[in-house]
Structures are given as structure tokens and as C-alpha cells.
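Working notes for the structure below.
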There are 2 protein chains.
Amino acid sequence: MTALTPVDASFELSKVDPSATPGVDNRKRAESELAKNFDELGSLQEKLYAESKFGGQRSVLLVLQAMDTAGKGGIVRHVVGGVDPQGIHLHAFKAPTDEEKAHDFLWRVRKELPQPGIIGVFDRSHYEDVLIHRVRGFSTPEVIEERYGIIADFEKELVATGTTIIKVMLHISSDEQKSRLQARLEKPEKNWKFNPGDIDERQHWAAYQEAYQIALTRTSTPDSPWYVVPGNHKWYARWAVQGLLLHALRGLDPAYPAVDYDVAAQKKRLAAT
Amino acid sequence: MTALTPVDASFELSKVDPSATPGVDNRKRAESELAKNFDELGSLQEKLYAESKFGGQRSVLLVLQAMDTAGKGGIVRHVVGGVDPQGIHLHAFKAPTDEEKAHDFLWRVRKELPQPGIIGVFDRSHYEDVLIHRVRGFSTPEVIEERYGIIADFEKELVATGTTIIKVMLHISSDEQKSRLQARLEKPEKNWKFNPGDIDERQHWAAYQEAYQIALTRTSTPDSPWYVVPGNHKWYARWAVQGLLLHALRGLDPAYPAVDYDVAAQKKRLAAT
């Protein structure tokens, strides 16, 4: 299980080593545990879903935020991909459309929340509205300041209605990003993953780190914690995020529900058909 | 590859043996091919997605229809689940909500169509509006008659805008359904999968077979074909549906796209950061 601790008020992003691997010291072990844990993760999710068929209201929401190339896609493919697609609601938040811009920033987010029994996965999220908005000046400082509180209230509401929230920032170093972008430019079959805009964003690296530092410390609460997952080693990040999901689901301890029909009576009805 | 042929005007559902396994004669081989083919399926989908990032408009839509317990869920878990979740848009159509009922029957379907580069998967679909609606009298015969034409026009429009459609009816026998429902009642950890309404539907078995016979022959076209996949053997249905998907994607022959930026210039820009 992961040795990561949630972000608290004294947290300093600049002190996290993106190459660290707390909790597991070698790739082989991490990969073998990742593979081994899929059955338990799938079984816990199925029970959560089963509960929801008989009144259960609980769901899980995994929020993924990161600089470009940090490995969100790999988490989705290699961690989330191990769960039955019927138990997952994945949504990737892109630059907002005109319709989305015409509403408050949580409007599009509310539409993608997981239903009971489901693990929701946000690839980017409402946190873009205090991250890129701060760095690129898309909103005024006053508006951004207000949003930290709006986000806290929103997440409190989600928790109160049965959603377990896990927020993950995948943390890579600037050098690691450079080498991953280089790989996308060097390998023709990876060229499509590169966007010249990635370099524009990269040029604001320090400002993004500052925006994350503020957003993480302002919005990490015991009920809606942020975890910073070192991402320079992809095998580590996958192991760690799976561990966070597994820990959350084990905590929920879902169980196959008591059904609201008479099993014996239905057996008789069925036998008569 | 599957030996299934698309439904045509002379097709008779009652002549399909739900226990047949055309194209592969044993479970071991089917399961080994299923596992082996995931890499190719994933790679083809990634290329389709890559194309879409540079103007590609093509997508795939897999429509799954079946009687209860026929194995739609297993297809999603074991066939679709082998593809990167980022490349899949899965939607399960349930009984329509009041809002959905206030619109035409394709309204909710249009909202769930796959974007370019994506494999859309419909667990049930607009075909419910000519299946259960016919059997249970939710719509008049005139309305249902009209819908076959509306569906044909709708699917023609999808094909014209770049969607490859594969429609699958998983076909089980009435006896097989009975024994699968019995299993759900007998095993406490499966009780949650059973719904007394399943027996109500089962009592209309013959009417459903007739509704399928009509819907399939009326709406199977060379561009939007129906396949009836024998479903009594789950291992066969999974192998066959994967084969249909694979065949469609091979036919599209997607390729990593030429990018619209100057790779050398971007390498220099990146090196300077």
C-alpha cells in the first residue's frame, strides 16, 4: 500500500522529489502488485455497483491533474483500464466550449459526476479554473480567489451525498517533461501526441508549480484530500494511484446487498416459465 | 476471424442455433485468440484516435442488443475492456427518463454517439423503440412502422459522416436464459443481478423473437449490418464480437497521421526551453 500522505497546510510542492518511489523500491515488485491487485479492485467495484442497485448511494471520484506528459493517460489505461468499463465513468475535460463558458465553471463538471456504484475519473477537472486560469490570466485574481471556496463547498456537497473523492497531482520534473516531449517529436508514430502549445505551457513551468502549490494547500481537506504522486517513474505512479483507489474502496467496504424481492417466490415463478 | 454473415432479407432468426460456434470449434482456441488479439485491436484504435487529432472524422459504433442474461455485460467487460478506456465511449440505455420521453426517440441516442477516433458501444439502443415498444405496446403499430425508416435514415447519416456501424444481436435460447436466471437466484452473491421484471419479459419470449426477426431484416443494410451472434457459449460470443470489431477496424486501415506542425522547428523550440 502506498506510503503517500495527503497534502496539508504545511505541504511544499517544491520539496517533493518527482523521482521518489515511497512505499515500493523496485519496478518489478510494483508491476507485479499492480497486476495482482486488479481482481480485488474489480471485486470491490462490483460490490459497490451491486449496492447501488438496491438503494446504495456511494460512488468514488478520482481527479487527475498534472502538467503535460506527466502520465494521466497511462493511469487511465493501466490502472482504470483494469476495471470493468461498466463500472467507470471517465471524462476528459478539454478547453471549454462556448456553451460551457456561458455557464458557471462547475456546470460542465456536475454533468459528469459518477452515479452511485460508479468510479468516476476526471482527466483534468474544475481545478483547471484555478490553475491555467491563474497562470494565463483567463480570470481575475478576485474570481480565482473566490473559486477556492466554491470548490471546497462543491466537494463538501459531493462527500455529503456519498462520493469518496481522491485528488491526484502527478508530479514530474521539468527535465522529465522535456525528455518526454523530445520523444514525441523524435518518434514519428508519437508525433500526433505533440502539440506546439505544449511548449507554450512549458514556458510557464514555475508559475504552474506556484498555482498547484496554492490550489493544493487551499483545497485539500480530510474528506477531499490531494495526493502528490511522484511521476518521473511511470511504474511508480501507476502503482501508487491504484493503491489510493484500493485504499478508498477498502475503506468503503462494500458488500453484496440484501435484495428487496422474495428469492424463493421468484424461483417458483421462474420454474413455471 | 468470424464466419458470421450479415443479416439479409432472407434471414430467419428461428433457424439460428444459439449453441453454434461458427468459425472456431473449441473454447481454448477462442480464448487464446481473444487474448492475443487485444494488442492489434488496441493499436488500430490508437491509430484511429491519432488520425482524429489531425482532422480524421472516422469512428466506430458497436450496437449490442439481446434478451436479458444473453451476455452484453460480458462483451463489454471482456471484449471492450481490452481497449484503452480513453478510446471507448460506452453508454447503457435504460428505460427512458421523463425528459427523454419528451423528445423524439433518437434525441438521447444522438447525445451518445462516438466522437471521431472513438469506438462507441451501445448497451441497448434506439432499437428498444421497435423491440420492447412492439412487444409491450408502448407505441402504436403505425409509429413503430415509421421508426424502421427513421432508423435507416439516421444510420445512413451516421455512415455518411464517417461512422462504421456494427450491430450485434446476442442470441441465446429460452432454456439457456432460464438456467442463467436460476443461477442468479441460487447464488446469493448474484441475487443483485436478478430483477423480478426479468421474468415478466421472459413471458414474452416468442413475441420478442418475432420483434427481433422484423427489426433485424428491416434495418440490416450493407453499410449498417446486423449480425446475430450465437450466445449460449459465452466464450464464442466474445470471440465473435471481437472478430467483428477487428474486421471493421482492419477495414478502416487507420494510420498515424501526418502532423500539421514543423517537427524540426519544434525540436529547436523545445531545446531552447
Side-chain angles (χ1 to χ4, degrees), chain A residues 42 46-47 49-54 72-73 76-78 80-90 92 121 123 174 177-178 181-182 184-196 198-200 202-203 205 255-267 269-273, chain B residues 42 46-47 49-54 72-73 76-78 80-90 92 121 123 174 177-178 181-182 184-196 198-200 202-203 205 255-267 269-273:
Chain A
E46 181 177 276
K47 286 176 186 163
Y49 185 76
E51 280 189 0
S52 78
K53 291 282 167 189
F54 290 85
K72 286 188 283 89
V76 171
R77 184 190 286 236
H78 298 284
V80 177
V83 180
D84 186 338
Q86 297 166 101
I88 298 293
H89 180 75
L90 167 67
V121 180
D123 175 350
S174 173
Q177 186 191 57
K178 189 171 186 171
L181 288 172
Q182 275 164 345
R184 290 181 180 185
L185 285 167
E186 266 148 35
K187 297 180 191 163
E189 78 278 11
K190 290 206 169 188
N191 283 177
W192 67 275
K193 291 188 176 187
F194 178 88
N195 182 322
D198 298 345
I199 299 183
D200 303 337
R202 175 170 169 74
Q203 281 158 344
W205 187 273
Y256 289 116
V259 295
D260 59 8
Y261 59 84
D262 179 337
V263 174
Q266 295 299 328
K267 278 187 192 170
R269 266 188 87 206
L270 178 61
T273 66
Chain B
E46 183 178 274
K47 285 176 186 164
Y49 185 76
E51 280 189 359
S52 79
K53 290 283 167 189
F54 290 85
K72 288 188 281 87
V76 171
R77 184 190 285 236
H78 297 284
V80 177
V83 181
D84 186 339
Q86 297 166 99
I88 298 293
H89 180 73
L90 166 68
V121 180
D123 175 349
S174 173
Q177 187 191 56
K178 189 171 185 171
L181 287 173
Q182 275 165 345
R184 290 180 180 185
L185 285 167
E186 265 148 35
K187 297 180 192 163
E189 75 280 13
K190 291 205 169 189
N191 282 178
W192 67 275
K193 292 187 176 188
F194 178 87
N195 181 324
D198 297 345
I199 299 183
D200 303 335
R202 175 169 169 73
Q203 281 157 344
W205 187 274
Y256 289 116
V259 296
D260 60 7
Y261 59 82
D262 178 339
V263 174
Q266 294 299 328
K267 278 187 189 169
R269 266 188 88 205
L270 178 60
T273 65

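This is a predicted model, so every value here is computed, not measured. First the proteins, then the strands, lettered A, B, ... as listed; each starts at 1.
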Counting heavy-atom pairs under 4.5 Å with chain A, the top scorer among Lys178(B), Lys47(B), Gln203(B) is Lys178(B)
For Ala50(A), is it the side chain, the backbone, both, or neither that has a heavy atom closer than 4.5 Å to a heavy atom of chain B?
both
Heavy-atom proximity to chain B below 4.5 Å, by part of Leu90(A):
side chain
Need one label for Asp198(B): side chain, backbone, both or neither, based on atoms under 4.5 Å from any heavy atom in chain A.
neither
Which bit of Glu51(A) comes within less than 4.5 Å of chain B, counting heavy atoms only: side chain, backbone, both or neither?
neither
So which of His89(B), Glu186(B), Lys53(B), Glu189(B) has the biggest tally of heavy-atom pairs under 4.5 Å with chain A?
Glu189(B)
Less than 4.5 Å to any heavy atom of chain A: does that hold for the side chain of Pro85(B), its backbone, both, or neither?
both
Select one option (side chain, backbone, both, neither) describing which atoms of Val259(A) are under 4.5 Å from chain B's heavy atoms.
side chain
Bottom line for Ala271(B): the part with an atom under 4.5 Å from chain A's heavy atoms is backbone
For the NZ atom on Lys267(B), are there more than 12 heavy atoms of other groups (residues, nucleotides or ligands in this structure) within a distance under 6.0 Å?
yes
Chain B contact via Asp123(A) - which portion, at a heavy-atom distance below 4.5 Å
side chain
Using every non-hydrogen atom in the two residues, find where Leu185(A) and Leu270(B) come nearest and quote the distance to one decimal.
CD1-CD2, 4.0 Å
Heavy-atom contact with chain B under 4.5 Å, split by part of Arg202(A)
side chain
Would you please name every residue forming a side chain to side chain donor-acceptor pair (under 3.5 Å) with Glu46(B), sequence neighbours left out?
Arg77(A), Tyr256(B)
Name all residues meeting the side chain to side chain donor-acceptor pair (under 3.5 Å) criterion together with His78(B); count only those two or more places apart in sequence or in a different chain, and write none if there are none.
none
